[in-house]
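First up is the structure itself, then whatever we jot down about it.
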Amino acid sequence: MITHNFRGRDFLTLMEFSREEVETILEVALDLKKKFALGEPHRLLQDKSLFMLFYNQSLRTRNSFEAGMTQLGGHAHFLDPKKIYTPALEGDEEAYSTERVSDVARVLSRMGHGISIRIYGEPVNWIYGKAHRVLREFARWSEKPVINMECDKYHPCQALADILTIKEKYGNELRNRKFVMSWAYSPSIEKPLSVPQSAIIGASFTNLNIVLAHPKGFELDPEVLEFTKQNSQKNGGTFEICNDMRVAFQDADIVYPKSWTSFKFLPPNVGEPQLDQTKVLYEANRDWICDENILTVCNNNVIYMHCLPCDRGFEVTNDVIDGRHSVVFDQAENRLHVQKAVMALTM
Ligand code: CP
């Protein structure tokens, strides 16, 4: 177990961690999960403060970080960017309503022990990669760890919870198990790429056989695809892409169908977000839904995953998400345990 390398480190993407380090985080998470269940105190961050900056909505992330800090003996401050001077990159500033990220990061890091940030979509005008740049800028100036609570590229905390859930269901030996990360239809065309990208990155730290399924036009970031391919190979797994949901689900052990937007219609790939064309692409693929029928081609004990919130009746039917295959509430709970591990190790 590698433990020496965490203190003070930013947690922005799993791509910057080794397999041994990811396994350490999961082991610590399991230990903290056991302590939580037994009611054993584990005040590892007594009197420490985490500043949580949410540019977007959240149920799970906000409450798991906030409850997690309380359980670790510290406190989490909820910061609404509109109620402070909105942290902005150099060049995006407006007099007396924004404050340069470099200044905000230095102020907060003098007062507490960590900064966590959620930012994607509208707050960065849907410019793909800009939200991640905001996180990097915070990390550059903060003297304390910066934790990614979901940006436009990555959702590493969700990915950790996903791997933990898979290991709890199938054990540590995942060889020959098939994991399908699939696109699914939603009436909302504004979901970032962060969850599917981090899910395949996370799975590539195991020896799972990963299949990424999506209609043409919903490709993921080539940098993520290349990392997943290389890392998966290094760890004894495989990685392939399929454009047919039913073919991808054949003999699957784990399916993770969720919606994400089309990267090719977002800046900087185009000048302005092309929402009309994105909508047309979505509507052409309304049949990408996870129902009982498609689960019949999977292995009998297939597990159904979703990061939540989900669009019931569109991404998934009620009988699947509320049925025997669903592990979505284990996933949601595991957000608490993995994030406590990340905070306890880095802060
Ligand atoms: N899965 C997830 O990040 O949920 P929230 O948007 O509720 O935080």
Side-chain angles (χ1 to χ4, degrees), residues 11-14 25 29 33 50-71 76-81 114-124 126 131-132 134-135 146-166 168 179 181-184 186-203 220 224 254-261 290 303-312 314-316 320-321 326-343:
F11 186 73
L12 303 183
T13 166
L14 287 181
I25 299 171
K33 184 170 184 174
L50 174 73
F51 298 105
M52 306 185 300
L53 194 51
F54 279 96
Y55 289 78
N56 309 85
Q57 291 168 291
S58 168
L59 173 72
R60 281 142 289 271
T61 306
R62 175 177 175 180
N63 291 294
S64 50
F65 269 102
E66 200 160 326
M69 273 305 282
T70 304
Q71 291 159 26
H77 303 235
F78 174 79
L79 299 175
D80 176 348
I115 302 173
S116 57
I117 303 157
R118 165 167 288 196
I119 181 168
Y120 57 80
E122 200 54 47
V124 282
W126 285 99
H132 191 68
V134 171
L135 275 161
V146 172
I147 299 174
N148 185 351
M149 297 195 296
E150 187 174 14
C151 68
D152 48 7
K153 296 180 93 171
Y154 310 111
H155 196 349
C157 296
Q158 182 66 54
L160 284 176
D162 298 342
I163 316 172
L164 183 60
T165 307
I166 293 170
E168 285 175 337
F179 170 77
M181 179 73 236
S182 174
W183 187 85
S186 163
S188 156
I189 61 169
E190 297 191 326
K191 294 189 200 299
L193 280 67
S194 48
V195 168
Q197 295 198 153
S198 281
I200 61 171
I201 290 168
L220 298 183
V224 170
I254 304 140
V255 292
Y256 198 152
K258 92 165 286 296
S259 189
W260 65 82
T261 197
C290 185
I303 60 172
Y304 163 80
M305 303 184 76
H306 196 291
C307 58
L308 302 180
C310 78
D311 292 318
R312 286 171 178 257
F314 297 103
E315 293 176 292
V316 62
V320 169
I321 194 164
S326 179
V327 298
V328 298
F329 299 109
D330 297 317
Q331 270 177 281
E333 182 197 329
N334 281 336
R335 292 290 305 279
L336 172 73
H337 309 302
V338 297
Q339 288 157 202
K340 283 166 70 180
V342 169
M343 291 190 287

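First listed ligand is number 1; within each ligand, the first listed atom is number 1. Just so we're clear, the structure is a prediction, and the values are computed from it rather than from any experiment.
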Q.
Using modelled atom types and a 3.5 Å cut-off, is there a donor and acceptor pairing between side-chain atoms of Asn56 and backbone atoms of Tyr120?
A. yes

Q. With only distance considered, is Ser58 within less than 3.5 Å of ligand 1 through an N or O on each side?
A. yes

Q | Any donor-acceptor N/O pair, Gln158 side chain to Val195 backbone, under 3.5 Å | A | no

Q. Which atoms of ligand 1 sit under 4.0 Å from any heavy atom of His155?
A. 2 (C), 3 (O)

Q: Report the relative orientation of the aromatic rings in Phe51 and His77; use parallel for angles under 30°, tilted for 30 to 60°, perpendicular for over 60°.
A: tilted

Q: Determine, for Arg60 against Glu150, whether the closest basic-nitrogen to carboxylate-oxygen distance falls under 4.0 angstrom.
A: no

Q | Cys307: numbered ligand 1 atoms lying under 4.0 Å from its heavy atoms | A | 1 (N)

Q.
If we set the cut-off at 4.0 Å for heavy atoms, which region of Leu308 has an atom near ligand 1: side chain, backbone, both, or neither?
A. backbone

**Q.** Aromatic plane relationship, His306 with Tyr256 - under 30° parallel, 30 to 60° tilted, over 60° perpendicular
**A.** tilted

Q) Tell me: protein heavy atom nearest atom 6 (O) of ligand 1, and distance? A) Arg118 NH1, 2.9 Å

Q. Looking only at N/O atoms, are Leu59 and ligand 1 under 3.5 Å apart anywhere?
A. yes

Q | Thr261 side chain vs Pro192 backbone, donor-acceptor pair below 3.5 Å | A | no

Q) Backbone or side chain, does any N or O of Arg60 fall under 3.5 Å from an N or O of ligand 1? A) yes

(Q) At under 4.0 Å between heavy atoms, is it the side chain or the backbone of Arg335 that contacts ligand 1, or both, or neither? (A) side chain

